[in-house]
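What follows is a single structure, written as structure tokens, with notes after it.
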Amino acid sequence: MPHVTHLECSLCAQQFEAARVHNLCSCGGTLFVRYDLNRVKGTWSRDSVRSGRTDLWRYLPVLPPRRPESIVSLGEGMTPLIRAHRLGSAMGAKSLWVKDEGLNPTASFKARGMTTAITMARELGIRKIAIPSAGNAASAAAAYAAAAGIEAHIFMPKDVPQANYIECQTLGAKVTLVDGLISDCGRIVAERKDQEGWFDMSTLKEPYRVEGKKTMGYEVAEQFDWELPDAIFYPTGGGVGMIGMWKAFEELEQLGWISSKRPKMIAVQAAGCQPIVRAFEQSAARSEFWQNASTVAAGLRVPKPLGDVLILNILRESGGTAIAISDQEILDAGRELASLEGIFAAPEGAACVTAARTLIANGFLKPADRIVLYNTGSGLKYLDAYSAATS
Ligand SMILES: Cc1ncc(COP(=O)(O)O)c(C=O)c1O
Ligand SMILES: [Zn+2]
């Protein structure tokens with residue numbers, strides 16, 4: 001039985017009917033899926049999760065499809081949570097862990113958001129989707145759309161990592177390279193979607209990518225035996241993963257599976273594009289467009305995240321913070337993580353290493369804290385960046 005009751009605006013709480021196609025609320029807020037968690041509680045337990053599927057669909061009672069046969073899956077989620085002993089000693093952290101999202105289909109955590117979004121697109125009868133992307137979301141959208149037989153139109157900056165470009169083309173998507181940033185790609189999708197009959201799958205403009213991304217929160221809870229860590233470092237571009245995990249923690253508490261204890265949520269950005277860091281430091285409610293955004297961490301090149309209000313609230317409520325890392329530090333950290341732990345990380349994930357070291361050194365975190373770094377993608381997608389830095 002599906003447990004979805006309705007959709008609800010994350011800003012103004014207006015309610016919407018679930019089984020319909022929706023983008024944003026009229027106030028501009030992202031729509032969240034709401035479930036009858038009391039009913040879920042009666043039929044689902046922490047023990048039954050353990051014997052469920054070995055991908056993220058093990059959490060089906062808190063995921064949106066009405067019919068299990070709608071599911072479009074490539075085996076995403078349930079990524080390893082790896083104890084990083086050697087890196088931990090190098091930075092003075094006694095309990096350091098890496099959640100390695102590079103092992104997902106299309107080699108990034110974007111697979112999580114796309115398995116749920118494309119599943120719902122199929123269930124709601126959508127035939128064509130369009131997406132602006134910094135790279136990895138495009139690869140995942142192309143893969144899941146291919147598996148579902150849905151037409152995918154992809155708009156990426158022209159200097160997107162080569163791997164994403166080739167991957168999307170090979171997966172059969174219609175790819176357009178844009179002379180600009182993801183914000184310019186988003187504008188093109190918004191301008192053309194009605195005429196072309198595309199459904200807009202932009203970050204946080206549809207309700208279901210958050211639902212897939214939230215499973216990173218369910219998994220970290222399950223993998224730590226239902227006790228959340230003290231701090232989570234998350235490379236924040238659009239911030240969907242952070243927003244999703246926070247939603248997961250609220251749901252888990254309502255289910256009675258975790259306590260009210262929350263990790264400090266730490267947004268990691270690149271020095272060349274740090275709208276959230278700046279807004280956090282200025283105690284602003286929302287971010288300002290970051291001019292001339294530039295970084296090797298392509299996924300962090302989001303000059304004005306749509307979910308900025310939600311992200312900033314999470315950082316403040318959790319007692320977390322926001323921190324920016326330079327490209328040079330990011331690539332050095334990528335080499336350190338790889339050579340000490342055997343994890344070849346995306347630059348976005350590598351940025352978390354420097355961020356954690358900094359916050360331990362300045363006393364924001366304690367050496368004994370249990371710390372999780374999210375490596376959101378594989379370094380293999382970024383050979384151009386790593387080879388430029390090593391040659
Ligand atoms: C590897 C990687 N990490 C992090 C991000 C940022 O993701 P989010 O939108 O959840 O902040 C992206 C987005 O493109 C990415 O590709
Ligand atoms: Zn609203």
Side-chain angles (χ1 to χ4, degrees), residues 7-16 22-32 99-104 106-114 131-141 156-157 160-161 163-164 167 181-182 185-186 201-205 207 209-210 212-214 216-217 232-247 265-270 273-276 287 293 295-311 314 322 330 334 344-352 373-382 385:
L7 305 183
E8 183 183 84
C9 175
S10 55
L11 296 182
C12 76
Q14 193 182 329
Q15 298 198 357
F16 297 81
H22 294 287
N23 283 110
L24 291 172
C25 174
S26 53
C27 81
T30 298
L31 303 188
F32 279 174
K99 180 87 171 137
D100 194 3
E101 294 292 305
L103 282 104
N104 275 301
T106 69
S108 92
F109 75 136
K110 297 283 178 181
R112 293 181 186 268
M114 289 305 163
I131 182 167
S133 168
N136 286 320
S139 297
M156 298 188 283
V160 68
N164 295 118
E167 193 178 17
L181 297 177
I182 188 169
C185 299
M201 294 272 272
S202 300
T203 301
L204 296 173
K205 282 197 188 165
R209 286 171 66 182
V210 173
K213 294 268 192 92
K214 83 179 179 189
M216 287 191 292
I232 284 182
F233 284 78
Y234 179 75
T236 306
V240 188
M242 164 123 22
I243 293 166
M245 281 193 270
W246 198 247
K247 183 174 188 283
M265 301 297 282
I266 296 154
V268 182
Q269 297 208 295
C273 182
Q274 41 170 314
I276 294 296
S287 65
T295 168
V296 287
L300 304 186
R301 209 166 45 151
V302 181
K304 172 86 174 89
L306 183 74
D308 53 0
V309 174
L310 299 174
I311 301 167
I314 294 168
I330 287 177
F344 185 21
E348 292 85 344
C352 296
L373 314 182
Y374 274 78
N375 170 38
T376 40
S378 166
L380 291 172
K381 290 279 180 84
Y382 297 82

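Along the sequence shown, residues are numbered consecutively beginning with 1. All ligand and atom numbering here is 1-based and tracks the order in the structure.
Annotation: protein N, O or S atoms under 2.8 Å of the Zn ion (ligand 2) (waters excluded) comprise C9 SG, C12 SG, C25 SG, C27 SG.
Between L24 and G29, the closest heavy-atom pair is CD2-O, 3.5 Å.
Atom SG of C352 and atom CD1 of I232 lie 11.0 Å apart (nearest 0.5 Å).
Using modelled atom types, one side-chain atom of S133 and one backbone atom of A138 make a donor-acceptor pair closer than 3.5 Å. Side chain of N136 to backbone of S108: no donor-acceptor contact under 3.5 angstrom is found. A side-chain donor-acceptor contact under 3.5 Å links Y374 to the backbone of M216. Looking only at distances, no side-chain donor or acceptor of K213 sits under 3.5 Å from a matching main-chain atom of G239.
Among residues two or more places apart in sequence or in another chain, the side-chain hydrogen bond (donor to acceptor under 3.5 Å, both in side chains) test is passed with T30 by none. By the side-chain hydrogen bond (donor to acceptor under 3.5 Å, both in side chains) test, D100 pairs with N375, sequence neighbours left out.
Side chains of E167 and S139: a donor on one and an acceptor on the other come within 3.5 Å.
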Between ligand 1 and the protein, tabulate every N or O atom pair separated by less than 3.5 Å, reporting distance only.
from     : atom 1 : to   : atom 2 : distance (Å)
ligand 1 : 3 (N)  : T376 : OG1    : 2.6
ligand 1 : 9 (O)  : G238 : N      : 3.0
ligand 1 : 9 (O)  : G239 : N      : 3.3
ligand 1 : 10 (O) : K213 : NZ     : 3.3
ligand 1 : 10 (O) : Y234 : OH     : 2.3
ligand 1 : 10 (O) : V240 : N      : 3.1
ligand 1 : 10 (O) : G241 : N      : 3.1
ligand 1 : 11 (O) : G237 : N      : 2.8
ligand 1 : 11 (O) : G238 : N      : 3.2
ligand 1 : 11 (O) : G239 : N      : 2.6
ligand 1 : 14 (O) : K110 : NZ     : 3.3
ligand 1 : 16 (O) : N136 : ND2    : 2.8

